[in-house]
Amino acid sequence: MVAVVEARVTDRPPARPAAVCRELLAALEASEGRRQRRKRDTTPDAIGLAIKLDLLQRAIAADPEPDQFEAWLQEQCFAAGPGEGGVRAMALSIFEEWRLAQEADSFRDWLARGAPSDDAPSGRAAR
C-alpha cells in the first residue's frame, strides 16, 4: 500500500530528526513485509533496508538539530568510505522523507499513527 500525500503545507515547527526517524522505523516494517512476499531474490532489498535501518537508529541516537540533519547525514556518507553508494542512497531517502514530514501534514500524521499499512506483518495495519 502506498501512502497518498496531499500537497498541503504545514505551519508546524520543524520536527526533530530523531522523532521522525523513530516513526520511519515503523514504516520500514511494511517494506520488510512486502520484501518477504516477493518471489524474486530480494537480497539487494534486504541490504538497502539494513543500511536504512542502521542510519535511522544512528540518527535517533545522535539526535541532530533540524538545521544540521542534512550535514549529519552527509557525515555518515563520508564515514562509510569508498563504498558509500548504498549509504548515500539511503541517506538521501531519509532526508527526503524527513523534509516531506515537515511539509505535508498528511504524511506526518500517517507517520504519527504508526505508519499503518496492509503490508505490515502480523496485523499492524489496524493500528
Side-chain angles (χ1 to χ4, degrees):
M1 177 177 170
V2 175
V4 176
V5 179
E6 295 176 16
R8 188 176 61 170
V9 175
T10 184
D11 292 330
R12 294 182 198 181
R16 302 245 355 138
V20 174
C21 288
R22 258 186 227 96
E23 294 169 344
L24 290 171
L25 282 174
L28 275 183
E29 287 183 29
S31 294
E32 180 61 14
R34 279 189 304 273
R35 185 191 70 78
Q36 289 176 352
R37 286 193 305 278
R38 291 185 181 129
K39 296 182 194 267
R40 63 173 173 79
D41 178 10
T42 61
T43 302
D45 300 333
I47 293 169
L49 287 173
I51 292 170
K52 189 170 187 175
L53 175 67
D54 180 59
L55 278 172
L56 289 170
Q57 290 172 335
R58 285 192 278 151
I60 292 166
D63 193 21
E65 293 295 325
D67 64 344
Q68 294 298 309
F69 189 44
E70 184 176 18
W72 182 88
L73 286 167
Q74 188 174 29
E75 288 171 16
Q76 306 314 299
C77 295
F78 292 145
E84 49 77 41
V87 174
R88 183 172 297 276
M90 292 299 102
L92 181 58
S93 173
I94 291 168
F95 185 69
E96 289 172 346
E97 290 168 337
W98 178 75
R99 286 186 54 201
L100 183 60
Q102 306 312 306
E103 298 171 6
D105 286 340
S106 59
F107 182 66
R108 181 81 179 110
D109 293 342
W110 175 76
L111 285 175
R113 288 192 322 271
S117 171
D118 293 338
D119 292 321
S122 65
R124 260 224 33 237
R127 262 187 170 185

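Computed from a prediction, not measured in an experiment: that's the story for all the values here.
- Interatomic distance, CZ of Arg108 versus CD of Gln102, reported as 7.0 Å (0.5 Å rounding).
- For Glu70, the CD atom sits in a loose shell: 12 or fewer heavy atoms of surrounding residues, nucleotides or ligands are nearer than 6.0 Å.
- Cluster membership check: Ile47 shares its hydrophobic cluster with Leu49, using side-chain heavy-atom separations under 4.5 Å among Ile, Leu, Val, Met, Phe, Trp and Tyr.
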Q | side chain to side chain contact (heavy atoms under 4.5 Å, CB included) evaluation trace for Leu100 with Glu96 | A | CA-CA 6 Å; Leu100 183 60; Glu96 289 172 346; over 6 Å; no
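- Leu24 is not listed as a side-chain neighbour of Lys52, based on a closest heavy-atom distance of 4.5 Å or more.
- Under the rule for a side chain to side chain contact (heavy atoms under 4.5 Å, CB included), the partners of Gln74 that lie at least two apart in sequence or sit in another chain are Phe78.
- Looking at every heavy atom in both residues, Ala59 comes nearest to Pro64 through O-CD, 3.5 Å.
- Between Phe69 and Trp98, the ring-plane angle classifies as perpendicular under the 30° and 60° cut-offs.
- To the nearest 0.5 Å, the span separating CD1 on Ile94 from CZ on Arg99 amounts to 15.0 Å.
- Here Arg113 does not pair with Asp109 in a salt bridge; the nearest charged N to carboxylate O distance is not below 4.0 Å.
- Contact check for Arg16 versus Asp63: side-chain heavy atoms found under the 4.5 Å cut-off.
- Across all their heavy atoms, Ile51 and Gly86 have their closest contact at CG2-O, 3.9 Å.
- Summarising the geometry of Ala15 relative to Pro66, their closest heavy-atom pair is O-CG, 3.9 Å, with the distance given to 0.1 Å.
- For the atom pair CD of Gln68 and CD of Glu75, the computed distance is 8.5 Å after rounding to the nearest 0.5 Å.
- Minimum heavy-atom separation, Gly81 to Glu84: O-CG, 2.9 Å.
- Minimum heavy-atom separation, Trp110 to Ala27: CH2-CB, 4.0 Å.
- At a threshold of 4.5 Å between non-hydrogen side-chain atoms, the residues Leu53 and Met90 do not count as touching.
- Here the closest non-hydrogen pair linking Val87 and Leu55 is O-CD1, 3.8 Å.
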